[in-house]
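Just below is one structure, and these are the notes that go with it.
Reminder, nothing fancy here: chain letters follow the sequence lines and each chain counts from 1.
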Number of protein chains: 2
Amino acid sequence: MPDQVSPSARARVMAAIQATGYTPSALGRNLRSQSTKIVLVVVPNLANPFFAEILRGIDDELVASGYGLVIGNLDNLPDREPRYVDMVFARQVDGVLLFSGRIPEDSGRLMNEAGIPVATVCVKIAGLPYVMVNDGVASAQVMEHLFALGHRRFGFIEGPVGNINAIGRKKGFRKALKKAGLDPDAASYWPGDFMFESGVEAGRQFLALKRRPTAVYAASDHMAIAFMKTVTAAGVQIPEEVSVVGFDGIEFSEFVTPTLTTISQPRHALGRTGTQVLLEALGSDCRPRSVELDAPLLIRESTGPAPKTKRRRA
Amino acid sequence: MPDQVSPSARARVMAAIQATGYTPSALGRNLRSQSTKIVLVVVPNLANPFFAEILRGIDDELVASGYGLVIGNLDNLPDREPRYVDMVFARQVDGVLLFSGRIPEDSGRLMNEAGIPVATVCVKIAGLPYVMVNDGVASAQVMEHLFALGHRRFGFIEGPVGNINAIGRKKGFRKALKKAGLDPDAASYWPGDFMFESGVEAGRQFLALKRRPTAVYAASDHMAIAFMKTVTAAGVQIPEEVSVVGFDGIEFSEFVTPTLTTISQPRHALGRTGTQVLLEALGSDCRPRSVELDAPLLIRESTGPAPKTKRRRA
DNA sequence: CGTGTCCTTGTAATCGATTACATTTCACTT
DNA sequence: AAGTGAAATGTAATCGATTACAAGGACACG
C-alpha cells in the first residue's frame, strides 16, 4: 500500500491544511490509540550534573524514535514519588525509565504492575531490566591502580546509606583490600551522600587523623573534589602526601587542581542504552535485556606513588 | 459546595475503587478538558548544570501547582525546534517556558500564536513575558569591584555570538569602561561560547600577549574556570598577576583554586519566578508581567589588587 | 450489456472522562 | 396528604482522531 489516497484527494487535503492551518490534536489521537508517545524519566535530583548528561543521552534516543520526555524530579524527597506513580496509572506515559538508587523498589514495581514497560538506569530492581556499570569491577580497577603505586593505607568516602551504587563501590573496595591481603576494617571510612559538603567533612576528619591514609577513594567526584579542596587548603600536598580517586568522571574533574583521577561513567551511553532497552520493550512483548557497560579509569594528576613512611604498619 | 456527594455514595465509590483498582485515565480527561496539565520547557542544552538548577526551580513550582514537566532539549541544534513547535500546535502542552538566547524568536512567536501562554527565562522575545537578571547592571557591579582594586587593563571572554545575555554582559562591560574614562576598544576581547574549551583558548591567547590585562571578565563561569586552569598551568599567579571574574555562580566556582569571584545568578528563583509568570498567564487572561531579578557579586579569591606596573598606560 | 472487483467516499462507532440535562427519589412544609 | 424544593441517579452528548464497515461509483472482463 504505497499510496492509499489518490493524488487529487491528497492535493485537496493539503490545500485545506495550508488554508486553515490545521494541526491534528494529540488529545484525540492519544485517547484513541491509548498511547501518548511520551516516556517518563524519574530522576532523584535534577540539579546533579551527573544526571544531566544521562538525560541528554536519553533524550537523544527518544527524539530519534519520536517520543517525548517528561521529567519526574524527586529532589531526593520520597513524598514526590506517588505523583509519578499516579501518572503511570493514569496512562499519561507509555514507558518509564528509573534512575539511581533512591526510588524505593515499591514504586518501581508498582509502575511495572500498571502494565507499561519500566527500565532502570544505574540501579537494579528485581524483575526490571537495567543498564548500569559494574561498580565492583570499577572499584577493582581503582584499587589495582593504587596498589601499583605502593599504597597500603586507605580511606573511603562512602555514598548515601542504602544506595546500590554506593554499596557496590564499597564492596569492591573492601574485596580488593582483602584480595591484597589487607584488613578491610583497618581502612578509614567516612560517611557521605555524593554531595560536596560530605567531601568537606571527610577532609576535616582526614586532617584530624594522626596516622593518615596515603590514598583516599571517594564514591563520587563531588566528594573527591571537595575533599581535595579541604585538605589542600590545610597544606596537604596532592598527590605527594595523599592520592585521591573519584567516581563518575564529571566534566569538572578535569578542571580542578590537581586534575582528578576517576572512573569515567559512560553517562551518555548509559542514557542511550537505557532508552534503547525501554523502547525495545515498548515495541514488542519480548523479554527486555539488561546491559552492563564498561567504565574506564582515567589516570590523572591526583594519584601518585605512595609517600615513604618511617615505619610501615605490620 | 463543601460536599457535593453524599457520604454513602462516596463510601460506595471508594469501596469500588479499592476493589477494582480503578484509576481515571488522563487521556479521556485531557480530551474533554482540552488541557493536559503539562508544561513544555525548552532548554538549549540539557547537560549544562546551569540550566539544571533553573529546571529544579521550575519543577518545584510546577509540582506545587499539579503540573507535569516535559523537556524539550535542543542540544544547541536548531533543527530540533520544529518538533516542539508541533507539540504545541498539537495541544500536547498547556504552556511553554523558553530558555536562553538560542531559540530563534520565530519559534517562540509561533508557539505564542498557537494560543497557549509562553514565557521566557533568561531571554527576551518581543511580545512575550520574561524573567531574567539584568546583565548590564551585573556587569557594572563587576567593573566597579575591579576598578576599586585599581585595575585599568581588561580582558573580556565573550559568549556566543547573538546570545542576548552575552551581548548584555559585553555592553555593560564596555559601558563601564567608558564611564570610567577608558577606551572600550583598548580592552582585549576573546571569542567564546560559554563552554570550557573556549576558556582554554582565551587563556592561550592571554598567555601569548606581551602586555597582558590585569583583570579578565568572562561571560560564564565555565570559561572563567577553564581560563584560570590554563594560565595557572603556565605559571601565572591568580589573583597576584591577573584577577578573574566569572558569571553565573555555578556550584563549582567555589571548589576551584582559587575560588572564583562571580556574579551569582539566582537560578532557582529564575525558574520559580518564570513558572509563576507562566502559571499566572495560564490561570487567567490578564496580561502577564515580566520580572528582573537581582544577581549579587560574590567576591572570592580570584580577584585582588592590580599588580604594580613599571609604567602605566596614558 | 451485466456482473464482479476495486477504489472512493460516507457514515457510524469507539476510546474514557466530563458535563449538561432529564428523571426519579426523598424530605419537609403548609 | 398534596405540593415544593433539594438531592440523587440515569441518560445522552461532547471532546477529536481513528477505524471499521457500508454504500456508492468506476472500470474491465466475460
Side-chain angles (χ1 to χ4, degrees), chain A residues 1-40 65-68 70 82-96 110-111 113-117 282-283 285, chain B residues 1-40 65-68 70 82-96 110-111 113-117 282-283 285:
Chain A
M1 40 183 156
D3 200 356
Q4 291 277 26
V5 57
S6 76
S8 69
R10 176 181 300 273
R12 260 181 299 152
V13 169
M14 285 308 182
I17 288 176
Q18 285 292 330
T20 62
Y22 169 79
T23 314
S25 156
L27 272 28
R29 185 204 312 260
N30 288 349
L31 176 59
R32 183 66 238 244
S33 64
Q34 291 290 57
S35 79
T36 56
K37 280 274 182 180
I38 284 183
V39 166
L40 169 66
S65 299
Y67 278 84
V70 346
R83 182 180 157 64
Y84 300 108
V85 176
D86 289 348
M87 222 180 215
V88 168
F89 275 91
R91 316 254 138 201
Q92 231 165 353
V93 296
D94 290 356
V96 181
L110 216 58
M111 287 174 171
E113 278 168 16
I116 71 170
L282 262 167
D285 298 335
Chain B
M1 42 185 154
D3 201 356
Q4 292 278 24
V5 55
S6 76
S8 70
R10 177 180 299 273
R12 260 180 300 152
V13 169
M14 286 306 183
I17 288 176
Q18 284 293 329
T20 63
Y22 168 79
T23 314
S25 157
L27 272 26
R29 184 203 311 255
N30 288 349
L31 176 60
R32 183 66 239 245
S33 64
Q34 291 290 57
S35 80
T36 55
K37 279 274 182 180
I38 284 182
V39 166
L40 169 66
S65 299
Y67 278 83
V70 347
R83 182 181 157 65
Y84 300 109
V85 176
D86 289 347
M87 224 181 213
V88 169
F89 275 91
R91 317 254 137 201
Q92 229 164 356
V93 295
D94 290 355
V96 181
L110 215 60
M111 287 174 171
E113 278 167 16
I116 71 170
L282 261 167
D285 296 335

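Using a 4.5 Å heavy-atom threshold, the side chains of A:Leu282 and A:Tyr67 count as touching. In this structure, the side chains of B:Thr23 and A:Arg91 stay at 4.5 Å or more apart for every pair of heavy atoms. Counting heavy atoms from C-beta outward, B:Met87 and B:Val70 have side chains that approach closer than 4.5 Å.
Side-chain atoms of A:Asp94 never come within 3.5 Å of backbone atoms of A:Val39 as a donor-acceptor pair (strictly under, hydrogens ignored).
In this entry the distance linking NZ of A:Lys37 with P of D:dA17 reads 18 Å, nearest Å. B:Gln92 places its CD atom 20 Å from the P atom of D:dC15, with the value rounded to the nearest Å.
Residues passing the side-chain hydrogen bond (donor to acceptor under 3.5 Å, both in side chains) test with B:Ser65, sequence neighbours excluded: none.
Each end of the helix from C:dC1-D:dG30 to C:dT30-D:dA1 yields a helix axis from five base pairs, and these two axes differ in direction by 60° (to the nearest 10 degrees).
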Run the side-chain donor-acceptor check on residues 24-31 of chain A: report pairs under 3.5 Å with partners two or more places apart or on a different chain.
unit_1	atom_1	unit_2	atom_2	d
A:Ser25	OG	A:Leu27	N	3.0
A:Asn30	ND2	A:Ala26	O	3.2

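Contacts between residues 28-36 of chain B and DNA chain C, defined by a heavy-atom separation below 4.0 Å, involve B:Gly28, B:Arg29, B:Leu31, B:Arg32, listed by number.
What you find for B:Gln92 and A:Ile38 is that their closest heavy atoms are NE2-CD1, 4.3 Å.
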